[in-house]
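The basis for the numbers below is simple: all heavy atoms, side chains too, and nothing from hydrogens, waters or symmetry mates. Below, read A as the first sequence line, B as the second, and so on, with proteins coming before strands; counting in each chain starts at 1.
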Amino acid sequence: MNSRGIWLAYLLLVTMLHVILLSIPVLTVPLVWTLTNVIHNLVMYLFLHTVKGTPFETPDQGKACLLTHWEQMDNGIQFTSSRKFLTISPIVLYILASFYTKYDATHFLVNTGTLLSVLLPKLPLFHGVR
Amino acid sequence: TTNASLYNKVFVEQFEETPLLVAVLTYMGYGILTIFGYLRDFLRHWGMEKCHVAREREEQKDFVPLYQDFENFYTRNLYMRIRDNWNRPICSVPGAKMDLLERASKDYNWTFQHTGKLVKDVINMGSYNYLGFAENTGRCADAATESTHHYGIGVGSTRYEMGNLDIHEELEQLVARFLGVESSMAFGMGFATNSMNIPALAGKGCLILSDELNHASLVLGARLSGSIIRVFKHNNMVSLEKLLRDAIVHGQPRTRRPWKKILILVEGIYSMEGSIVRLPEVIALKKRYKAFLYLDEAHSIGALGPRGGGVVDYFALDPKDVDIMMGTFTKSFGAAGGYIGGKRELIDYLRSHSHSAIYATSMSPPVSQQIITSMKIIMGEDGTTLGVVRLRQLSENTTYFRRKLREMGFIIYGNDDSPVVPMMLYMPAKIGAFGREMLKRNIGTVVVGFPATPIIESRARFCVSAAHTRDILDTDIFCLSICHSIGYFLSVYLSLNRIFS
Amino acid sequence: YQYILVTALYMLKPLVRTIFNSILISVAGMAVNAGYV
């Protein structure tokens, strides 16, 4: 997550997801923003906090097998720039989604629920907690 | 060059950054492959796609899983599709040209069938054959044949027990003379020379400072030793000095006792980067902070320096400044195995403490003879100038090949004098395409991708050899320029240097 | 050739390429339509 251009690729991917949802005629703008937020948080939760191990063999005698991607990042060092970026981005998306859904209660609850599901596992005190 | 006063020549090393557009497209490519990989795993899980990989039977499902199936996700979904570029069977000596066995696959490379045909005279740009001693004719081959008749092909015991032959003694004295050190010891396997001797040199209470791109054998040896390992950025002396200072100021973790010893592990030439270690600066740091230096010259011995004496010879340094000189006979001597050179008491200690000396069978006599003959040729002790000619040929080929590729606009990594020439490809599909296109033009190249390299730095790696004649290289470069025209649209081959120039 | 190399479809089966291209075309069509509307 530190290599060159990966943050830009991530932002482009989220933008592309939003444009794709926007271009589905039946969806309204508030619904599109909530869907963007929910899909983004689901995928982030899956890839960063659910899947354990690495998709290729590593020479670390299986140490990474039991760690999620988030726990393997930067060898477990907390508060690195990548971690900060990946913590802030769902929050920004949540703020945008809340604004565009005009703070409607239902959307607000759904967005807040999915935001917490990706924020809590990122807290340092949950490192390695199962 | 930082600290230019330490160097006897200009030190030119380039690692041009990946263009941002290419990086983003590379991630997109890996993203698409991963998504479709998950889709295919889903189809396999529900039996809609045939599953070729080994899996437990139904009855074994309740046991601990034998295969961590996520761990070979990349292997089965990415690598399989382009693995015809790797492990190609050759049926000749891996010299300047070689013959490949042609093979075909009906199921996207899950299984191969030999078509029975040969791809003859493929230009070999992949093998480590820097001085062209990979030959089945000539002086080395004759000497090896003769020693086979005299000694047989194997030694049925370890050095420690009964396996010491006079040819081993002769080899070790010759290696010591070639390196300019007091004594040396030879081992039957290059990888084992690192992984089995580092544990004999360092242990609990020691600190190992290792370059981040060190070879797996150095990493394994460091781990087996039980020392604390800290990694510094590749060839970055500021990072190394910072680690040295921290180590000396803070001492061991928790107890804060001073370290028993600090061992710096570096390689002479990094075979994936094509970079050459900044040895003068490393030696200056080790002297200043009283650390020990372990120099792995696997690729540089025989390939660098006016006498072929490796990176120490290349920078015209004193071999005594390097505490442990390690190297292999695989890349420049057309043989196999490794050596460790240094002070007499060090080698005597290793003779009685090294795993390899105690457990591994001794080096095969014909292999030893191949090394002795090729090393004498390089040193000029065979009465001919063949060694000097080959060293010069390698140096010229390297400079010519690198310059031509750079002029064409490819992004080339590493040092201008390094015979390992990594050429950047970046995207995953181009790894497969490039290897195949080159083989169509009768050139065998090595292509390398993630996870052996960083995800946005997939590359083709050319190994220049003294056996390559100028017209072979021109053919190679000509084919590269064809690939360049194919790759023109990709525009990733146009390094920024060329655009600006 | 460039397109299948850059999108890494070069490494996938023709069927998968068809799936990917049809998804891409439909999404692009929808995006253009939405842009127009």
Interface residue of largest heavy-atom contact number with chain B, from A/Pro55, A/Ala9, A/Gly5, under 4.5 Å: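 Looking at each of A/Pro55, A/Ala9, A/Gly5 in turn, A/Pro55 comes out on top.
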
A quick test of your reading: do over 12 heavy atoms of other residues, nucleotides or ligands sit less than 6.0 Å from [atom1] of [X]?
| X | atom1 | result |
| --- | --- | --- |
| A/Phe108 | CZ | no |
| B/Lys204 | NZ | no |
| B/Arg254 | CZ | no |

Heavy-atom cut-off 4.5 Å, strictly under: side chain, backbone, both or neither for A/Ile6 against chain B?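 Backbone plus side chain of A/Ile6, per the 4.5 Å heavy-atom cut-off to chain B.
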
For the side chain of A/Arg4 and the backbone of B/Ala23, is there at least one donor-acceptor N/O pair under 3.5 Å apart?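 Checking the backbone N and O of B/Ala23 against the side chain of A/Arg4, no donor-acceptor pair under 3.5 Å is found.
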
How many angstroms lie between CE in B/Met28 and CG in A/Leu13, if you round to the nearest 0.5 Å?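 B/Met28 CE to A/Leu13 CG: 9.5 Å, rounded to 0.5 Å.
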
Answer with side chain, backbone, both or neither: which region of [X] has an atom nearer than 4.5 Å to a non-hydrogen atom of chain A?
| X | value |
| --- | --- |
| B/Leu25 | neither |
| B/Arg223 | side chain |
| B/Tyr38 | side chain |
| B/Leu20 | both |

Is it the case that the ring center of B/Tyr27 lies less than 6.0 angstrom away from the ring center of A/Tyr10? no

With a 4.5 Å cut-off on heavy-atom pairs, point out which of B/Phe70, B/Phe73, B/Phe450 contacts chain A the most.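 Sorted descending by pairs with chain A, the first entry is B/Phe70.
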
